[in-house]
Amino acid sequence: MVHAMINQSSVTTFFLVGFSEYPYLQPPLFLMTVAIYTVTLVGNIGIIVVRRINPKLHTPMYFFLSHLSFLDICYSSVFTPKLLEILVVEQSTISFKGCMAQFFFGCTCVITEMFMLAVMAYDRFVAVCNPLLYAVVMSHQLCALLVTGSYMWGSLCAMILTYTLSELSYCGPGIIDHFGCEYSAIISVSCSDSSFSQIACLVISILSEGSSLLITMASYIFIVITIIKMPSKGGLQKAFSTCTSHLTAISIFHGIILLLYCIPNANSSRLLVKVATVLYTVLIPMLNPLIYSLRNKDVKETVKTFINSKLQPHSIQF
């Protein structure tokens with residue numbers, strides 16, 4: 001797919017600058033990234049495994065959460081290995097095809113996760129506002145449709161943007177002032193008119209970000225109204241507990257995306273772009289399993305039971 005969209009260009013290899021202008025930061029950044037990436041893989045794989053082994057977690061909420069964990073694993077794995085390579089070797093390169101492929105998969109994961117969070121907000125809306133009809137409304141067919149739609153939209157948007165980038169010309173020396181093939185970094189090394197690609201990026205960003213935020217905000221407006229009308233404090237606390245984790249994840253994710261792509265002149269500082277990209281490629285995938293699991297009794301109990309079953313061998317029966 002990516003290969004078919006790649007146009008002939010005078011540049012066949014890009015040089016990634018990364019954080020080479022801050023050599024004193026590279027050793028601690030390498031160690032920190034390795035630690036965070038390890039926690040990301042363990043945490044997100046753990047969420048997927050926990051959902052599979054605990055029948056109590058076979059619900060729409062955890063179905064969506066397991067897909068969110070899968071996206072976090074994929075997205076973090078698209079950029080983090082290259083970042084670690086840049087922090088170790090003196091000069092890192094990436095082929096033109098590899099750059100386009102990295103951008104395509106990274107973009108797909110970001111947009112898909114954007115809508116996955118919106119789907120999870122709708123799920124919370126149904127759970128809080130229509131608890132008696134929750135099982136009927138959030139059927140297996142609807143859940144599968146919502147997840148499939150999120151993946152398809154993410155892939156379509158990424159395909160369009162990758163195509164517009166592949167049609168540009170890139171002249172030497174092909175130095176990308178970034179640790180990966182992020183959109184604004186790729187555009188900065190193009191020597192042809194990139195206005196069409198930038199318009200496409202702006203339209204897709206506003207459409208995706210706007211629609212996903214609209215779904216999320218509308219869902220939580222109705223949730224807040226329903227919570228306010230609740231007569232019992234117990235119901236109030238339970239409703240809040242089911243939503244605070246999701247709101248935290250949404251705030252962090254959308255806050256960084258808005259900073260990077262929807263605020264004028266945010267891309268004027270390359271260091272700001274690099275730091276923000278590190279946050280949502282390395283840090284957010286680690287935070288999501290922590291945010292959802294640390295506040296969830298079912299997840300914590302399943303993990304404890306699983307660990308105890310491994311640490312305490314069953315007695316041998318003859």
Side-chain angles (χ1 to χ4, degrees), residues 2 13-22 25-26 28-45 68-89 91-114 116-117 151 154-155 157-159 161-162 165-166 174-189 201 205 249 252-257 259-261 266-267 269-289:
V2 177
T13 302
F14 290 119
F15 297 90
L16 300 174
V17 174
F19 294 91
S20 58
E21 64 269 39
Y22 306 100
L25 289 178
Q26 292 186 16
L29 188 58
F30 175 83
L31 295 175
M32 182 183 71
T33 303
V34 169
I36 292 175
Y37 187 52
T38 303
V39 174
T40 297
L41 294 179
V42 172
N44 285 290
I45 292 173
L68 184 69
S69 294
F70 172 73
L71 287 168
D72 283 336
I73 293 170
C74 293
Y75 187 56
S76 181
S77 298
V78 168
F79 284 98
T80 305
K82 200 65 181 177
L83 172 59
L84 293 174
E85 178 190 325
I86 292 172
L87 294 172
V88 173
V89 301
Q91 189 178 62
S92 180
T93 61
I94 186 170
S95 67
F96 181 74
K97 295 179 181 180
C99 186
M100 293 297 108
Q102 187 186 60
F103 173 79
F104 172 78
F105 289 112
C107 185
T108 299
C109 290
V110 170
I111 297 177
T112 303
E113 182 161 336
M114 193 181 294
M116 198 66 68
L117 289 170
Y151 281 107
S155 300
C157 292
M159 195 183 305
L161 291 178
T162 305
L165 288 175
S166 67
I175 298 175
I176 294 180
D177 189 9
H178 207 285
F179 62 84
C181 292
E182 186 267 341
Y183 181 81
S184 62
I186 300 174
I187 285 290
S188 66
V189 297
C201 181
S205 298
I252 296 173
F253 181 84
H254 284 286
I256 296 175
I257 295 294
L259 174 66
L260 268 179
Y261 298 108
N267 286 323
S269 171
R270 297 309 308 169
L271 180 60
L272 174 64
V273 173
K274 291 179 189 179
V275 172
T277 308
V278 167
L279 289 177
Y280 79 77
T281 58
V282 180
L283 193 61
I284 287 181
M286 180 196 73
L287 290 178
N288 279 342

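- Summarising the geometry of Q102 relative to C181, their closest heavy-atom pair is OE1-N, 2.7 Å, with the distance given to 0.1 Å.
- The two residues I111 and G154 have their closest heavy-atom pair at CG2-CA, 3.8 Å.
- Summarising the geometry, atom OG belonging to S95 is positioned 9.5 Å from atom CE belonging to M100; distances are rounded to the nearest 0.5 Å.
- Ring geometry for Y183 against F103 counts as tilted: the plane angle lies between 30° and 60°, on a 0 to 90° scale.
- Between Y37 and M286, every side-chain heavy-atom pair lies at or beyond the 4.5 Å cut-off.
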request  = Walk me through it: do I186 and C99 pass the test side chain to side chain contact (heavy atoms under 4.5 Å, CB included)?
outcome  = CA-CA 9 Å; I186 300 174; C99 186; 4.0 Å; yes

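- For CZ of F70, the number of neighbouring non-hydrogen atoms (other residues, nucleotides, ligands) closer than 6.0 Å is 12 at most.
- Pairing each heavy atom of G180 with each of A185, the nearest pair is O-CB, 4.5 Å.
- Summarising the geometry of Q26 relative to I86, their closest heavy-atom pair is OE1-O, 4.4 Å, with the distance given to 0.1 Å.
- Proximity of a side-chain donor or acceptor of N44 to a complementary backbone N or O of P285 within less than 3.5 Å is detected.
- Across every non-hydrogen atom of V282 and I36, the tightest pair is O-CG2, 3.2 Å.
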Test log, rule side chain to side chain contact (heavy atoms under 4.5 Å, CB included), inputs H178 and L16 = CA-CA 6 Å; H178 207 285; L16 300 174; 5.6 Å; no

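- Residues L83 and L87 meet the side-chain proximity criterion, which asks for heavy atoms closer than 4.5 Å.
- Atom CG in L41 sits 11.5 Å away from atom OG in S69 (nearest 0.5 Å).
- Note that the NZ atom of K82 and the OG atom of S77 stand 14.5 Å from one another [nearest 0.5 Å].
- Rounded to the nearest 0.5 Å, atoms CG (L117) and CG (L68) are 5.5 Å apart.
- Note: T40 OG1 to I73 CD1 = 9.0 Å, rounded to the nearest 0.5 Å.
- Separation of atoms CG (L71) and OG1 (T108) is listed at 10.0 Å; rounding is to 0.5 Å.
- The nearest pair of heavy atoms linking T80 to T281 is OG1-O, 4.1 Å.
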